[in-house]
There are 2 protein chains.
Amino acid sequence: MPRTDKRARLVAAADTVARGPGFTHSSLADIAARADVPVGNIYYWFKTKRELGEALVEARATHYRALRRQWDRTLPPRRRVDAFIEMVAANRDTLAAEGCPIGSICTELRRHDPALAAQAGTMLSDFLRWLEAQFRAMGHGRASPGLASHTLSSLQGASLLSHALDDPAHVAREARHLKRWLAGLRPVN
Amino acid sequence: MPRTDKRARLVAAADTVARGPGFTHSSLADIAARADVPVGNIYYWFKTKRELGEALVEARATHYRALRRQWDRTLPPRRRVDAFIEMVAANRDTLAAEGCPIGSICTELRRHDPALAAQAGTMLSDFLRWLEAQFRAMGHGRASPGLASHTLSSLQGASLLSHALDDPAHVAREARHLKRWLAGLRPVN
DNA sequence: GTCTATAGGCAGATAGAC
DNA sequence: GTCTATCTGCCTATAGAC
């Protein structure tokens with residue numbers, strides 16, 4: 001176990017630049033400066049820039065796992081999906097300014113480092129599986145994968161539109177649309 | 001007017017690399033090699049790499065304008081929206097492999113060159129305005145902007161999921177979902 | 001564990017012959 | 001108009017003192 005918090009500061013700085021210019025587009029000098037760590041010292045904690053990227057993706061994945069676990073502990077299935085949609089809606093200004101921290105990094109890494117992109121992709125597939133479980137618990141049976149995919153697609157697409165056009169309205173509108181759609185859904189059983 | 005097709009070959013090569021590793025991540029050497037043009041000669045046709053990027057965005061925008069115009073000439077409003085959705089569905093394998101040529105470049109440029117990203121953003125807002133016009137023609141009145149935003153969000157989100165997870169099924173599923181939704185829509189008048 | 005200095009490579013861009 | 005050669009600067013990564 002490290003006695004300093006430098007590793008954590010580096011990961012946090014990598015997370016910050018990934019929300020701004022992007023991880024791939026940022027230099028280790030940028031990240032080191034933001035973490036207040038000399039550039040060369042990064043290599044004591046991470047063998048390569050790629051390893052720092054892995055730590056960043058892992059940190060984000062852990063964050064979202066914790067979020068879902070909290071919803072699972074405190075809310076019934078239907079309200080869990082609502083909570084997810086409401087979180088996205090509440091973040092609309094940040095989403096417009098920086099894009100979705102999940103979708104953006106997946107898109108960014110996909111072309112540059114497929115293996116790391118696959119790791120980042122688990123953030124999406126974890127959310128898909130979790131949404132599917134909620135829809136199953138709500139009684140939607142085999143329709144659940146489609147409902148989960150639609151929910152996540154809409155929110156990812158709205159984030160992309162809001163980010164690209166610098167207009168939070170798309171996220172707000174799509175969240176409203178999705179909640180109305182959810183309210184009107186009839187379970188099969 | 002240039003007497004050679006080198007400019008066009010350079011733009012085409014830029015378009016190709018933008019679908020692969022991304023425009024920003026590709027070097028002028030890559031693009032020049034692909035266009036079979038010596039690197040230094042790029043600067044006779046374009047003052048900077050950025051100017052080549054502008055030409056690439058303009059070429060794509062022109063392509064999609066021509067597509068919409070053809071649909072406008074040959075189909076009634078309802079079928080135009082169908083044609084758009086069907087085009088996306090038909091391209092699902094390419095979308096999974098390369099991502100959406102519109103959404104990806106907007107996301108890529110947003111952080112790196114906001115001014116150029118705004119230019120790329122017109123590809124999205126042009127599609128939004130066009131979809132809105134079709135919904136208005138179908139009698140949806142003031143609901144039209146929301147319907148247009150939902151249609152484009154869903155497809156962009158599905159493309160993102162398919163690309164990130166390397167699985168065309170998300171685009172296929174979302175296109176089906178969207179066509180069923182469209183068929184069930186009741187115009188206000 | 002921490003830091004400085006620097007190697008080695010590649011990027012975008014330019015100069016100037018033809 | 002075309003092409004080669006090259007400049008300058010930044011990037012990742014390493015060597016090695018402390």
Side-chain angles (χ1 to χ4, degrees), chain A residues 1-57 105 108-109 111-117 119-120, chain B residues 1-58 105 108-117 119-120:
Chain A
M1 280 301 238
R3 265 171 271 153
T4 75
D5 62 342
K6 288 200 172 167
R7 200 195 126 98
R9 290 214 315 269
L10 283 166
V11 175
D15 184 90
T16 305
V17 301
R19 288 167 199 270
F23 177 71
T24 322
H25 278 96
S26 302
S27 68
L28 291 175
D30 292 341
I31 296 171
R34 200 174 289 266
D36 200 25
V37 167
V39 205
N41 200 358
I42 291 182
Y43 290 90
Y44 177 75
W45 301 98
F46 304 97
K47 266 209 294 286
T48 58
K49 185 185 181 187
R50 189 181 187 285
E51 267 196 14
L52 175 55
E54 283 173 24
L56 152 63
V57 170
I105 206 166
E108 179 189 345
L109 294 174
R111 292 101 183 280
H112 183 257
D113 186 334
L116 190 48
Q119 194 193 330
Chain B
M1 280 304 238
R3 264 171 271 154
T4 75
D5 62 344
K6 288 200 172 168
R7 201 195 125 98
R9 291 215 311 270
L10 284 167
V11 174
D15 184 90
T16 304
V17 301
R19 289 168 199 269
F23 178 71
T24 323
H25 279 95
S26 302
S27 67
L28 290 175
D30 291 342
I31 296 170
R34 201 175 288 267
D36 200 26
V37 167
V39 206
N41 200 0
I42 291 182
Y43 290 89
Y44 177 77
W45 301 98
F46 304 96
K47 265 208 295 288
T48 59
K49 186 185 181 186
R50 188 181 188 287
E51 266 195 16
L52 176 55
E54 283 171 25
L56 153 62
V57 169
E58 184 47 37
I105 206 166
E108 180 188 345
L109 294 175
R110 181 64 154 78
R111 292 101 183 281
H112 183 257
D113 187 333
L116 190 47
Q119 194 193 331

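Quick caveat, the model's predicted, so the values are computed rather than measured. Throughout, protein chains are lettered first and strands after them, A, B, ... in sequence-line order, and every chain is numbered starting at 1.
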Engineer: Could you please name the option among dC3(C), dA13(C), dA13(D) that lies closest to any side-chain atom of Lys6(A)?
Structural biologist: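 Nearest listed nucleotide: dC3(C).
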Engineer: Starting at atom NE2 of His112(B), determine the distance to atom P of dA11(C), rounded to an integer number of angstrom.
Structural biologist: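 Taking atom P of dA11(C) as the reference, NE2 of His112(B) is at 14 Å.
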Engineer: Backbone N or O of Ala35(A) within a donor-acceptor pair of the Arg9(A) side chain at under 3.5 Å?
Structural biologist: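 It does hold such a pair.
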Engineer: Round to the nearest Å and state the distance from Asp113(B) atom CG to dG12(C) atom P.
Structural biologist: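 Rounded to the whole Å, the gap is 14 Å.
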Engineer: Rounded off to whole Å, could you give me the CG-to-C1' distance for the Leu52(B) and dA11(C) pair?
Structural biologist: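 That distance rounds to 15 Å.
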Engineer: Salt bridge check, Arg19(A) against Asp15(A): does any charged N sit closer than 4.0 Å to a carboxylate O?
Structural biologist: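 Judged by the 4.0 Å cut-off on N to carboxylate O distance, Asp15(A) and Arg19(A) do form a salt bridge.
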Engineer: Does the side chain of Trp45(A) reach to within under 4.5 Å of the side chain of Leu52(A), using non-hydrogen atoms?
Structural biologist: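 No - every pair of side-chain heavy atoms lies 4.5 Å or more apart.
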Engineer: What nucleotide, of dA13(D), dA13(C), dT4(C), holds the atom closest to the side chain of Leu28(A)?
Structural biologist: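 Side chain of Leu28(A) sits closest to dA13(D).
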Engineer: Between dT2(C), dT4(D), dC11(D), which nucleotide has the shortest distance from any of its atoms to the side chain of Ser27(A)?
Structural biologist: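 In terms of side-chain proximity for Ser27(A), the closest of dT2(C), dT4(D), dC11(D) is dC11(D).
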Engineer: Could you tell me the separation between the OH atom of Tyr43(B) and the P atom of dG16(C), rounded to a whole number of Å?
Structural biologist: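 The answer, rounded to whole Å, is 18 Å.
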Engineer: Measure the spacing between CG of Asn41(B) and CZ of Arg7(B) and express it to the nearest 0.5 Å.
Structural biologist: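 Taking CG in Asn41(B) and CZ in Arg7(B), the distance rounds to 13.0 Å.
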Engineer: Does Trp45(A) place a side-chain N or O at less than 4.0 Å from the phosphate oxygens OP1/OP2 of dT2(C)?
Structural biologist: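 Yes, Trp45(A) has a side-chain N/O under 4.0 Å of OP1/OP2 on dT2(C).
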Engineer: Given atom CG of Asp5(A) and atom C1' of dG1(C), what is their separation to the nearest angstrom?
Structural biologist: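 Distance, rounded to whole Å: 14 Å.
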Engineer: With respect to the side chain of Tyr44(A), which nucleotide from dG1(C), dT4(C), dG12(C) is positioned closest?
Structural biologist: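 The nucleotide sitting nearest to the side chain is dG1(C).
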Engineer: Over how many whole Å does the gap from His25(A) atom NE2 to dC10(D) atom P extend?
Structural biologist: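 Atom NE2 in His25(A) sits about 17 Å away from atom P in dC10(D).
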Engineer: Round to the nearest Å and state the distance from Arg7(B) atom CZ to dG1(D) atom P.
Structural biologist: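 Rounded to whole Å, this separation is 13 Å.
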Engineer: Contact class for Thr24(A) vs. all strands (heavy atom < 4.0 Å): base, sugar-phosphate, or nothing?
Structural biologist: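 Contact class for Thr24(A): none.
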Engineer: I need the Glu51(A) CD to Leu116(A) CG distance, nearest 0.5 Å.
Structural biologist: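 Between Glu51(A) CD and Leu116(A) CG, I get 11.0 Å after rounding to 0.5 Å.
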Engineer: What's the closest nucleotide to the side chain of Asn41(A) if the choices are dG12(C), dT2(C), dC11(D)?
Structural biologist: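 Nearest to the side chain of Asn41(A) among the choices is dT2(C).
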Engineer: Which nucleotide sits closest to the side chain of Lys49(A): dT12(D), dG1(C), dA13(C)?
Structural biologist: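 My answer, after comparing the listed nucleotides, is dT12(D).
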